[in-house]
Every structure is written in C-alpha cells, then in structure tokens.
Amino acid sequence: MTLLDGKKTAAEIKEEIALEVRELKDRGNKTPHLAAIIVGNNGASITYVNAKVKACERVGFESTLIRLPENTSEEDLLNEIAILNIDKDIDGFIVQLPLPKHIDEQKILMAVDPNKDVDGFHPTNVGKMALNLPTFISATPFGILELLERYQVETSGKHVVVLGRSHIVGSPMSILLSQKRKVGNATVTMCHSRTKNLKEITLQADIVIAAIGIPEFLKADMVKDNVTVIDVGITRLADPSKKNGYRLVGDVAFNEVAQKSDFITPVPGGVGPMTIAMLLKNTLLACQRNN
Ligand code: BQF
C-alpha cells in the first residue's frame, strides 16, 4: 500500500510555484494576484477561503479577500464580480461556494470573466475542458490528475469508477480520465444515487474516485485487491476530543479499504491540499496568459 500524500505533494507544487514567482519578479514582471469573494459566515467556507489566502502568501502571490454579509443581494455580488473582471491587477478570482440560497449560483459563475475564472466553473471553460482544449481545469479534478501523475499511477486502459456526478468533481473527473491525455485513456463508469447494483460495478474498478459526501461509504467488500482509491469526501463529524470540535471523515472506510489498496489517499491530507495547490497553479497560469 502506498499513501498518495496530498499534503506533501501540494507542498512540493507550492515550492515549484514559489520558485516561478521569484523568477517572474526578478524579470520585472507582475506578481500573480488572486482575489476571493466569500458571502456569509459558513464556518467550513471561511476555513477554505482562509487556507487559500494563506497559500497565496506562502508562494509570494498577492491576495485580496472580499467578505460580504449573508444578506448580500445577487445584484451586489454581480457588481463585485464586475469590478474584479475589469481590475487589471487581479489575474484570477473565485467566488467561494456554496452561496446563500437566495443567490443563483449559475448566474454568478457565468458573470466571471472566463480569462480570470481560475476555478474553471464558467460554462465556456467547462466546455473547453470537455473538448480537451487549453483552459483552467477546476482545482479538485486538476489536483487528482496531478497526484496520479506524480505517483505514476497507470490510468490508460484501466477501469475507473467515479462515485458522484457533481459539476465540481464527479462530472469533470469522468470526462478528463476518459480523454486522450497524459493521465487519461481510462474506461470510465460514473455512478450516482440512482445506480443499481453499485457493488457489482465498484468490484470491477481498478481505480475508484469517491465523491458523494457520505462518510465511510466505500467499504472493503466493495473493492477488489490492488485497487487505487481517491477519496474526495471531507465531511465534518462532531468530535469533542478535538480542539476545533470536529474531525474530517472521507467517503472511504480508510482502515479496511487501505488493506486491499495499491494506492490510496488519506483524509485529511489527500485531495484537499491538492485542491489549494492547483488553484494557485491556475492563478499563475492566468497571470502568464493574460500579461
Ligand atoms: C485536508 C470544499 C466542499 C464544498 C466546498 C485541505 C481543504 C480541505 C481539506 C480545502 C473544499 C475542500 C474547498 C484539506 C477547499 C477542499 O487537509 O484534507 C484543504 O480547503 N478545500 C473549498 O474551497 O470549497 C469546498 C469542499
């Protein structure tokens, strides 16, 4: 069993980015600048966005965090986006999800200039991704590809089973891994809440990508020996023994599944840190493309 160490790999990627930033600055180029808008006070979202700001500091990027109250109108949020779209100093920006219920998420994502859309959520960029054209690949799928590449996990000709059909992970992951690309050429089955005989399907998987948000859903009796498992789940479960009052639990029953795995990601310290690193990578790309 080899642990796919996302924390360590993300630290390496950030060091590579920091090196490139120093070179950019030495050549008199602009410092990459990421902005993030967060609406409301969701505890997990604030943790995520703070992690992104801290990561910017680590690699020498500039960052701007725009905090808006929970009751912000759609119109006001669209106005903030319009300001970032025309701000020459901002290379890329994100709108932290999820948004409050009264705001139409799709409408907001469509307002972001696709050239600054470092989350890769604009329909133009999703379309380019699906056609295997140059674009911003959204950070979590990008991070999973990068992790598989750096650990030299073979995907060509393998049967990948993706659990979950979200627009952020399941859907792009299944598209990307079936494409003709370095980490790709897989035969992909996408499963979701209406899938019948799920266990029969997961038992045929060489690689399982679990992105359904149900703690410890994937059990040892659902996978074959020598499987590779990517756990995208990060549910917060109450745990009074922890100083922050919770622990993170993935979609995989790690201890039992690890015993049958060739490669497996832990939670925490697997896909999560890779997501942050690849957001920085996309911001660096945006800075290089747009200047
Ligand atoms: C780790 C996210 C669901 C909905 C919106 C490191 C992160 C998480 C875990 C992180 C996530 C999940 C992010 C770990 C960003 C990943 O050590 O395991 C980092 O910050 N993430 C987000 O911005 O929005 C989400 C999950």
Side-chain angles (χ1 to χ4, degrees), residues 3-14 17 34-59 61 63 65-68 92-101 103 105-106 108-109 112 117-121 136-147 163-173 209-217 229-237 239 242-244 246-252 254 258 264-283:
L3 207 62
L4 297 169
D5 189 337
K7 194 173 174 185
K8 175 168 149 260
T9 307
E12 288 165 6
I13 293 167
K14 282 186 275 188
I17 294 171
L34 174 70
I37 305 177
I38 180 163
V39 185
N41 297 302
N42 179 285
S45 293
I46 290 170
T47 303
Y48 298 147
V49 88
N50 285 341
K52 292 168 190 179
V53 168
K54 193 169 147 232
C56 283
E57 286 167 14
R58 275 278 298 274
V59 299
F61 285 8
S63 67
L65 178 58
I66 299 167
R67 288 196 63 172
L68 302 175
F93 68 96
I94 63 159
V95 180
Q96 181 66 44
L97 301 182
L99 287 166
K101 308 247 181 307
I103 296 176
E105 201 163 280
Q106 200 52 50
I108 296 305
L109 298 180
V112 176
D117 172 35
V118 288
D119 257 344
F121 292 158
F136 300 111
I137 297 174
S138 63
T140 301
F142 197 7
I144 293 169
L145 293 182
E146 194 71 24
L147 204 51
L163 305 181
R165 56 179 160 186
S166 74
H167 294 163
I168 295 183
V169 184
S171 170
M173 213 58 244
I209 310 220
I212 45 174
I214 302 173
E216 301 183 337
F217 176 84
V229 179
I230 306 292
D231 189 349
V232 192
I234 37 132
T235 305
R236 284 181 170 197
L237 288 188
D239 185 342
K242 299 277 178 176
K243 57 177 180 290
N244 52 16
Y246 66 87
R247 68 194 163 96
L248 294 179
V249 183
D251 290 349
V252 177
F254 181 88
I264 186 167
T265 62
V267 174
V271 174
M274 293 298 292
T275 297
I276 306 272
M278 301 322 278
L279 173 65
L280 299 177
K281 185 91 189 172
N282 276 341
T283 305

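Note that ligands are numbered from 1 as they come in the structure, with each ligand's atoms numbered from 1 the same way. Only heavy atoms go into these numbers, but all of them, side chains included; no hydrogens, no water, no symmetry mates. Since this is a predicted model, take the numbers as computed values, not measurements.
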Taking Ser45 for its side chain and Asn41 for its backbone only, find out whether a donor-acceptor pair lies under 3.5 Å.
no

Would you say Arg236 and Asn244 are linked by a side-chain donor-acceptor pair, where the criterion is simply a distance under 3.5 Å?
no

Any side-chain donor near an acceptor of the partner, Arg247 and Thr235, under 3.5 Å
no

Contacts of Glu146 meeting side chain to side chain contact (heavy atoms under 4.5 Å, CB included) (sequence neighbours excluded), chain-then-number -> Ile13, Phe142, Glu149, Arg150, Met274, Met278

Euclidean distance, Ile212 CD1 relative to Arg165 CZ, rounded to 0.5 Å:
12.0 Å

Per-ligand residue contacts, ligand 1, heavy-atom threshold under 4.0 Å
Tyr48, Lys52, Gln96, Leu97, Ile234, Pro268, Gly269, Gly272, Pro273, Ile276

Quick check: does any side chain N or O of Asp251 sit under 3.5 Å from a backbone N or O of Glu216, one acting as donor and the other as acceptor?
no

